[in-house]
Amino acid sequence: MVQPEHQRRAYLEALGIDVWLPRDQAEPHGEDMLDTDTQSDIRVWDDLRATVAACTSCGLHTSRTQTVFGIGDPQADWMIIGEAPGAEEDRRGEPFVGRAGKLLDEMLRAVGRSRDRVFIANILKCRPPNNRDPKAEESAACRGYLQRQIELVKPKIILAVGRIAAQLLLETDEPVGRLRGSRHQLGDIPLVVTYHPAYLLRSPSQKRKAWDDLCLATRLMREASV
Ligand code: URA
């Protein structure tokens, strides 16, 4: 179903994404112009965002600057799931905005996607100190938030970037090198694993494989759309 432009705009605004329009296309809009389903979806997102922002379920709330909820189109076909915010993300409140994030943006652009047309989230909503790996109790405490985001977005494809995201989502100890390159499932949603962009910055020779993974994800997403 194609979503009317005014609904898409209201959604993006509800997620805190600026929507820029040429002056002659700007028109009055707001929640009162939306149907009841859309209004209630917006409220669900607002409540989830507020719950995450106030979360004290694990020790990471004591060291965070702010939570990093996730960003993008709440009705995206693609959902990208990373590990956890780093220093820059903790400072800005947005996932993948550091050097690795710039590479992720380029990777998405290479397959015709942009940051505002996918939904990007992390396993953890708070930064682990010194970027250490998430502890089991931290990812368990955060799991429900990501689960809810997946239920609300209902993506056609999930791209898990890096070992931590892939292993936690798929509940496996297999290394990324063995998980990538094939189709997995998260419930009824196809999932593709690829290398973390931070790893690709250190090992650019692996970019070719990441490209293959993105092509696989594109193919699976198209299959899910027909
Ligand atoms: N690495 C991640 O996995 N997520 C981010 O948001 C930033 C870096």
Side-chain angles (χ1 to χ4, degrees), residues 15-17 48-49 52-53 55 58 60-61 63-74 76 78-109 113-143 145-150 153 155 157-172 174-177 179-180 184 186 191-204 206-207 209-210 213-214 217:
L15 282 186
I17 300 168
L48 182 59
R49 178 186 285 280
V52 167
C55 182
C58 79
L60 294 180
H61 77 277
S63 52
R64 74 184 177 216
T65 304
Q66 58 190 315
T67 53
V68 178
F69 180 73
I71 197 158
D73 181 347
W78 284 57
M79 187 154 179
I80 319 295
I81 303 180
E83 175 181 335
E88 187 67 9
E89 289 78 19
D90 172 74
R91 199 173 63 74
R92 289 176 48 188
E94 187 175 326
F96 282 102
V97 287
R99 272 186 73 222
K102 300 268 172 305
L103 178 56
L104 178 65
D105 287 346
E106 281 172 31
M107 290 162 66
L108 291 173
R109 208 167 314 125
R113 309 269 137 190
S114 61
R115 168 174 282 264
D116 57 345
R117 290 296 169 110
V118 300
F119 194 90
I120 307 178
N122 281 311
I123 295 284
L124 293 190
K125 308 301 185 213
C126 296
R127 181 190 182 210
N130 305 314
N131 301 339
R132 63 156 169 75
D133 286 356
K135 294 182 183 166
E137 64 268 25
E138 293 161 353
S139 49
C142 237
R143 176 76 205 211
Y145 300 139
L146 180 62
Q147 192 56 46
R148 194 72 189 112
Q149 289 177 312
I150 296 170
V153 175
I157 185 81
I158 292 176
L159 185 70
V161 296
R163 177 179 66 84
I164 301 283
Q167 292 183 341
L168 286 169
L169 289 168
L170 296 174
E171 299 182 49
T172 177
E174 291 280 302
V176 174
L179 293 170
R180 61 155 296 278
H184 303 270
L186 190 68
L191 183 150
V192 169
V193 171
T194 196
Y195 292 115
H196 196 286
Y199 168 74
L200 294 174
L201 287 171
R202 297 192 300 275
S203 307
Q206 301 297 313
K207 282 185 184 174
K209 290 184 189 159
D213 297 331
L214 290 178

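Note that the numbering runs from 1 along the sequence shown for the chain. Whatever order the structure lists ligands and atoms in, that order sets their numbers, starting from 1.
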Does any N or O in the side chain of Ser139 come within less than 3.5 Å of the main-chain N or O of Ala136, such that one atom is a donor and the other an acceptor? yes
Answer yes or no: does atom CZ of Arg99 have more than 12 heavy-atom neighbours from other residues, nucleotides or ligands under 6.0 Å? no
Backbone N or O of Leu48 within a donor-acceptor pair of the Gln149 side chain at under 3.5 Å? no
Would you mind checking if Lys207 and Glu106 are paired as a salt bridge, meaning a charged N to carboxylate O distance below 4.0 Å? no
Output the set of protein residues with a heavy-atom contact under 4.0 Å to ligand 1, ordered first by chain identifier and then by residue number. Gly82, Glu83, Ala84, Glu89, Pro95, Phe96, Asn122, His196
Would you call Ile164 and Leu124 a side-chain contact if the rule is heavy atoms closer than 4.5 Å? no
Parallel, tilted or perpendicular: rings of Phe96 and His196 (30°, 60°): tilted
